[in-house]
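Here is the structure we will look at.
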Amino acid sequence: MGWIILAIVIVIIIIALVLWAVGAYNALVALRNRVKNGWAQIDVQLKQRADLIPNLVETVKGYAGHESSVLTQVTQARAGAVAAAANPNATTVERATAENALSRALFNLQATMEAYPQLQANQNFMDLQAQLKDLETKIAYARQFYNDVVLKYNTKIETVPSNIIAGMFHFEQAQYFQADEGSRQVPQVRF
């Protein structure tokens with residue numbers, strides 16, 4: 001009779017462990033999928049920004065065509081960001097670096113545009129500027145959301161006891177979307 005009770009206790013413990021392992025695995029999968037979704041949301045906003053930039057550059061070119069170095073910088077940074085987005089092997093760090101270069105180029109373009117009052121009065125330019133500002137706000141929010149989800153996911157991978165399941169099923173830490181060193185420096189605008 002004692003061995004039956006012992007067998008029942010062992011079976012209950014095994015069932016509890018299996019249920020815990022399934023729950024931990026499912027939680028890790030759900031967090032990994034949220035990380036992927038967060039990156040997809042950033043990607044949508046970055047695509048919209050990349051699509052808007054040629055219109056903005058063409059409008060500025062009409063008023064400030066002699067500022068070709070700034071316009072070239074924006075065009076090259078956009079090309080780099082689009083290339084990084086199109087590369088399926090690009091890492092999060094590579095994509096973030098390309099997007100940060102584009103953000104810096106856009107900041108320089110906006111600073112340059114302030115020197116042209118006739119451009120500031122152009123309604124098409126003002127609409128494009130408003131759309132860009134709105135997209136930059138959305139991108140910032142999407143990056144914050146992504147980094148928050150990455151924090152939760154990475155924490156779950158590193159903490160006991162879910163780190164056991166993470167190790168068994170090869171869950172890897174996700175990369176944060178971080179500003180590069182150039183983004184942290186104040187850009188210099190010269191006229």
Please give the remaining members of the hydrophobic cluster of [X], linking ILVMFWY side chains under 4.5 Å, ordered by chain and number.
X	result
Ile8	Trp3, Ile4, Ile12
Tyr141	none
Val9	Ile5, Ile13, Leu17
Val44	none

Within this structure, what is the [atom1]-[atom2] distance for the pair [X] and [Y], rounded to the nearest 0.5 Å?
X	Y	atom1	atom2	answer
Ile53	Leu135	CD1	CG	9.5 Å
Glu172	His170	CD	NE2	9.0 Å
Leu56	Gln129	CG	CD	6.0 Å
Glu58	Leu71	CD	CG	9.0 Å
Thr59	Asn124	OG1	CG	4.5 Å
Gln73	Leu109	CD	CG	9.0 Å

Test item: [X] and [Y] side chains (from C-beta on) under 4.5 Å apart, heavy atoms:
X	Y	result
Glu94	Thr91	yes
Asn163	Ile157	no
Val35	Tyr146	yes
Asp43	Arg95	yes
Trp20	Ile165	yes
Asn37	Gln41	yes

Return all side-chain donor-acceptor pairs below 3.5 angstrom for residues 79-86, not counting sequence neighbours, or 'none' if the list is empty.
none

Practice task
Decide side-chain contact (heavy atoms from CB on, under 4.5 Å) for Val150 and Gln175; before the verdict, give the C-alpha distance in whole Å, the side-chain angles of both, and the deciding distance to 0.1 Å.
Solution key: CA-CA 7 Å; Val150 167; Gln175 297 293 316; over 6 Å; no

Problem - Heavy-atom donor-acceptor pair, Asn147 side chain to Phe177 backbone, under 3.5 Å - result: yes

Exercise for the section: Verify, without hydrogens or angle tests, whether Asn108 (side chain) and Val70 (backbone) share a donor-acceptor contact under 3.5 angstrom. Expected result: no

Test of understanding: with side-chain contact (heavy atoms from CB on, under 4.5 Å), list the residues that count as partners of [X], not counting sequence neighbours.
X	result
Thr155	Leu151, Thr159
Asn55	Leu128
Ala142	Ile42
Val29	Tyr25, Arg32, Asn33, Phe171

Exercise for the section: Decide yes or no on side-chain contact (heavy atoms from CB on, under 4.5 Å) for Trp39 and Val149, but give the supporting numbers first. Expected result: CA-CA 10 Å; Trp39 182 255; Val149 173; over 6 Å; no

Handout entry: Qualifying salt bridge (Lys or Arg N to Asp or Glu O under 4.0 Å) pairs with a residue from residues 138-160, counting only residues at least two apart or across chains
Key = Asp134-Lys138

Handout entry: salt bridge (Lys or Arg N to Asp or Glu O under 4.0 Å): pairs with one or both residues in residues 7-22, sequence neighbours excluded
Key = none

Practice task
Of all the heavy-atom pairs spanning Leu102 and Val74, show the shortest one and how long it is.
Solution key: CD1-O, 4.0 Å

Problem - Shortest non-hydrogen contact between Asn89 and Asn87, atoms and distance - result: N-OD1, 2.8 Å

Fill in the blank from the handout: salt bridge (charged side-chain N to carboxylate O under 4.0 Å, His left out) filter on Arg49, not counting sequence neighbours, yields Glu99, Glu136

Any chain of hydrophobic side-chain contacts (each under 4.5 Å) joining [X] to [Y]?
X	Y	result
Ile10	Val18	yes
Tyr176	Val93	no
Phe169	Leu31	yes
Ile14	Leu6	yes

Exercise for the section: Evaluate the side-chain contact (heavy atoms from CB on, under 4.5 Å) criterion for residues Arg78 and Leu106: first the C-alpha distance (whole Å), next the side-chain angles of each, then the deciding distance (0.1 Å), finally the verdict. Expected result: CA-CA 9 Å; Arg78 179 189 178 273; Leu106 285 173; over 6 Å; no

